[in-house]
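Here the structure is laid out as C-alpha cells; the discussion comes afterwards.
Below, chains carry the letters A, B, ... as their sequence lines are ordered, and counting in each starts from 1.
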Number of protein chains: 2
Amino acid sequence: MHIGCPVTEFQRLISGKYKLRIVWDLKDGPLRYGKLRNGLLRGADGSPPIAPRVLSRELKALTDAGLIARNDFGTIPPKVEYRLTLAGRSFIPIIASIQAWGTRHLRRAG
Amino acid sequence: MHIGCPVTEFQRLISGKYKLRIVWDLKDGPLRYGKLRNGLLRGADGSPPIAPRVLSRELKALTDAGLIARNDFGTIPPKVEYRLTLAGRSFIPIIASIQAWGTRHLRRAG
DNA sequence: CGGGATCCCGGATGATACTG
DNA sequence: CAGTATCATCCGGGATCCCG
C-alpha cells in the first residue's frame, strides 16, 4: 500500500473510537485488558460500555501498527498486558497537545 | 451532550477521512471548494477521488465545529472560499507535529 | 480473565446525475 | 462552480454467547 500523506495515514491509523484513549491510558505504564476496559468505561453519562470485540479489535490494530505491544503471560487464568512501544511513547506528547487544545477549544456546549 | 474526555471528543471531531487534511491544506490561506477538492485528489495511487458529497459534508462539519469558516461570494458562477478560524489555526501546530511524527514512524511500506 | 465467533445496525463513504 | 439528491455499499461499533 502507498502512503500519500502522513496526515491522512495518521487519520487511518487512529481511526477507531478509543485508539487515542488507549494509547493515552497506557502512558503511565502497562495495563491489563480488564484495566484498560474499565478505564474506557469512564463517562458513565450514558455512553455504552465498550464491547469486548471492539476493544480487542483496536488493541490488535494498535499492536499491528506498532504503537503498543502485547504481553501474554500464558497463565491460567489468563493475564495479558499491553504497553507502549517506543513509537507509541513518542506519540504521547502529541496526545497531550491534543488534550490541551481540546480543553481550550472544545469547551462543552452544555 | 456531555464531554467526557477531550481526547475522545477530538476523536469525534476529526472523524472523517479528510478532515485533518482539509484543515492542513488551508494553513497557507483560503481556498475555494474546487481547489480543496483538487488538493485532496493527490495520491493518484489508486485512491478514489473524493466524492462531492463527502467533501461538502466534511466542510460543513468543520464549519459547525468552528475550525473553518465559509465565505460565500454569492456570485454567478458561484465562488465560495474556506479559511481557518482562530481555533482552526491554533490547531495547525498539532497537525504539524502529527505530520512530523508520521513521517518518522509511518515510513512507507513500499 | 481475555478474548474469538456471530449477528445486527446505522452512519460514513462512494458513484452518478442534476441544478441554481 | 459549488454544491444537492439519490442509491448502493462498506465498515465500524455494539450486543450476546461461548471457550480455553
Side-chain angles (χ1 to χ4, degrees), chain A residues 1 4 8-22 25-26 30-41 43-65 68-83, chain B residues 1 4-5 8-9 11-22 25-26 30-41 43-65 68-83:
Chain A
M1 180 176 51
T8 302
E9 274 307 301
F10 166 82
Q11 268 277 19
R12 284 172 36 109
L13 176 63
I14 63 156
S15 79
K17 199 168 174 180
Y18 308 93
K19 293 224 187 94
L20 282 186
R21 271 290 299 278
I22 291 172
D25 286 353
L26 288 176
L31 286 178
R32 296 177 62 175
Y33 181 93
K35 281 285 189 183
L36 228 25
R37 183 173 205 278
N38 292 336
L40 263 5
L41 284 192
D45 46 325
S47 53
I50 185 171
R53 169 178 160 72
V54 176
L55 178 54
S56 177
R57 199 182 161 77
E58 307 219 331
L59 286 171
K60 189 171 185 342
L62 286 171
T63 302
D64 290 347
I68 68 178
R70 207 182 93 112
N71 235 344
D72 190 334
F73 288 79
T75 59
I76 299 289
K79 175 176 175 180
V80 179
E81 265 184 6
Y82 292 90
R83 58 178 174 79
Chain B
M1 183 178 46
C5 167
T8 302
E9 274 308 301
Q11 270 277 18
R12 285 172 33 110
L13 175 64
I14 63 156
S15 79
K17 202 169 175 181
Y18 308 92
K19 293 223 187 94
L20 281 187
R21 269 293 299 279
I22 291 171
D25 286 353
L26 287 177
L31 286 178
R32 297 177 63 175
Y33 181 92
K35 281 285 189 182
L36 228 26
R37 183 174 204 278
N38 291 338
L40 263 4
L41 284 192
D45 45 327
S47 54
I50 186 171
R53 169 175 161 73
V54 175
L55 178 53
S56 177
R57 197 184 163 74
E58 307 218 332
L59 285 172
K60 189 171 183 345
L62 287 171
T63 302
D64 290 347
I68 67 178
R70 207 182 93 111
N71 235 346
D72 189 335
F73 289 78
T75 57
I76 300 289
K79 175 176 177 180
V80 179
E81 265 184 7
Y82 292 90
R83 58 179 176 79

**Asked** So which nucleotide from D:dA2, D:dG13, D:dT16 ends up closest to the side chain of A:Val54?
**Response** D:dG13
**Among D:dC1, D:dG13, C:dG2, the one nearest B:Pro78 by side-chain distance** = D:dC1
**Message:** By the 4.0 Å heavy-atom rule, please label B:Arg53 as base, sugar-phosphate, or nothing.
**Reply:** base
**Prompt:** D:dG3 C1' sits how many Å from B:Lys79 NZ, rounded?
**Reply:** 17 Å
**Message:** If you compare every side-chain N and O of B:Ser56 against the phosphate oxygens of D:dT4 (OP1, OP2), does one of them come in below 4.0 Å?
**Reply:** yes
**Message:** Base, sugar-phosphate or nothing for B:Glu81? Non-hydrogen atoms, less than 4.0 Å.
**Reply:** nothing
**Request:** Using a heavy-atom cut-off of under 4.0 Å over every strand shown, decide if B:Tyr82 touches base, sugar-phosphate, or nothing.
**Result:** sugar-phosphate
**Asked** What nucleotide among D:dT16, C:dA17, C:dG2 has an atom nearest to a side-chain atom of A:Pro52?
**Response** D:dT16
**Message:** Rounding to an integer number of Å, can you tell me how far A:Lys17 NZ sits from C:dG10 P?
**Reply:** 15 Å
**Fill in**
Of the candidates C:dT13, C:dG3, D:dA15, the side chain of A:Val80 sits closest to C:dG3
**Request:** Would you mind reading off the distance between A:Ile50 atom CD1 and C:dG3 atom P, rounded to a whole angstrom?
**Result:** 12 Å
**Fill in**
Against the side chain of A:Tyr18, the closest entry in C:dG2, D:dC1, D:dG14 is D:dG14
**Request:** Please tell me which of the listed nucleotides, D:dC1, C:dA15, D:dG12, lies nearest to the side chain of A:Arg57?
**Result:** D:dG12
